Amino acid sequence: KYKVSLETSGAIDLSQVDRRVMKVMDLKTPGSGEVERNLYENLNFIHEHDEIKFVICDRDDYEWSKNIIEKKGLINRCHILFSPEHESLEAHQLAKWILDDKINVKLQIQLHKYLWGNVPGK
């Protein structure tokens, strides 16, 4: 009777996660410096109630993210979140790109960065 969600960087194998768990998985963009950590095999374990999040640093990350969404057929498989990287991209700029391109993604800000700054969690 519980709803369980799991937020993950996508760098850990998700094959053993129960299908009922709602997964929020990051796909690291080139601007993050961690793109090589993406386990694309995890996309086989993403379902319609799951979310894939892209933290976008600049226009190159935005274009890369759109390309991955198209190449991997993600739009119709799950919810897609685009989040501007707090220090390098203004939310209004990312919103404009999304609206101009009419892509079916949700804009999400990194709320924890607005509340507490760029401070590691405890």
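Nothing here was measured: the structure is a model prediction, and the numbers come from that model.
- Looking at L6 and L14, their side chains come closer than 4.5 Å, going by heavy atoms from C-beta outward.
- Not counting sequence neighbours, the partners of N38 by the side chain to side chain donor-acceptor pair (under 3.5 Å) test are Y40.
- The line from CD1 of I46 to CE of M25 is 4.5 Å long, rounded to the nearest 0.5 Å.
- Scanning all heavy atoms of the two residues, the minimum distance from C57 to S32 falls at SG-N, 4.2 Å.
- Around CD1 of I12, the count of heavy atoms belonging to other residues, nucleotides or ligands within 6.0 Å does not exceed 12.
- By the ring pair (Phe, Tyr, Trp, His ring centres under 6.0 Å) test, H86 pairs with Y114, sequence neighbours left out.
- Of the inter-residue distances, the one linking L81 atom CG with I56 atom CD1 reads 10.5 Å to the nearest 0.5 angstrom.
- Here the straight-line distance linking atom CG of D26 with atom OG of S9 works out to 6.5 Å at 0.5 Å rounding.
- Within 6.0 Å of CD on E70 lie no more than 12 heavy atoms contributed by other residues, nucleotides or ligands.
- Judged as a salt bridge (Lys or Arg N to Asp or Glu O under 4.0 Å), and not counting sequence neighbours, R19 has no contacts.
- The distance from atom CD1 of I69 to atom NZ of K72, rounded to the nearest 0.5 Å, is 12.5 Å.
- Within the structure, salt bridge (charged side-chain N to carboxylate O under 4.0 Å, His left out) contacts touching residues 31-46 (residues at least two apart or in different chains) are E34-R37.
- I68 has its side chain within reach of F54: a pair of non-hydrogen atoms, C-beta onward, lies under 4.5 Å apart.
- The hydrophobic clustering, which links ILVMFWY residues whose side-chain heavy atoms are closer than 4.5 Å, places L89 and I98 together.
- With sequence neighbours excluded, no residue satisfies side chain to side chain donor-acceptor pair (under 3.5 Å) with N67.
- The line from CG of L94 to CD1 of I109 is 11.5 Å long, rounded to the nearest 0.5 Å.
- Judged as a ring pair (Phe, Tyr, Trp, His ring centres under 6.0 Å), and not counting sequence neighbours, the contacts of W97 are Y62.
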What verdict does the side-chain contact (heavy atoms from CB on, under 4.5 Å) test give for L43 and I52, after you've listed the backbone C-alpha separation in whole Å, the side-chain angles of each residue and the deciding distance to 0.1 Å?
CA-CA 9 Å; L43 295 176; I52 296 177; 3.5 Å; yes

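- Considering CZ of F45 and CG of L39, their distance stands at 10.5 Å, rounded to 0.5 Å.
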Show the numbers, then the answer: is there a side-chain contact (heavy atoms from CB on, under 4.5 Å) between V17 and T8?
CA-CA 11 Å; V17 176; T8 174; over 6 Å; no

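- With hydrophobic clusters built from ILVMFWY side chains whose heavy atoms lie under 4.5 angstrom apart, V105 shares a cluster with W64.
- Applying the salt bridge (Lys or Arg N to Asp or Glu O under 4.0 Å) test to D50 and every residue at least two apart in sequence or in another chain returns K23.
- Taking the side chain to side chain contact (heavy atoms under 4.5 Å, CB included) definition, one finds that D18 meets it with R20, V21, sequence neighbours left out.
- When all heavy atoms of H79 and K106 are compared, the pair lying nearest together is ND1-NZ, 3.9 Å.
- The side chain to side chain donor-acceptor pair (under 3.5 Å) search around T29 returns D61, not counting sequence neighbours.
- The shortest distance between side-chain heavy atoms of L107 and P84 falls below 4.5 Å.
- Every residue two or more places apart in sequence or in another chain that forms a salt bridge (Lys or Arg N to Asp or Glu O under 4.0 Å) with E63 is listed here: R59, K66.
- Residue pairs that meet the salt bridge (charged side-chain N to carboxylate O under 4.0 Å, His left out) test with at least one member in residues 82-96, sequence neighbours left out, are K96-D100.
- Applying the side chain to side chain donor-acceptor pair (under 3.5 Å) test to E7 and every residue at least two apart in sequence or in another chain returns K53.
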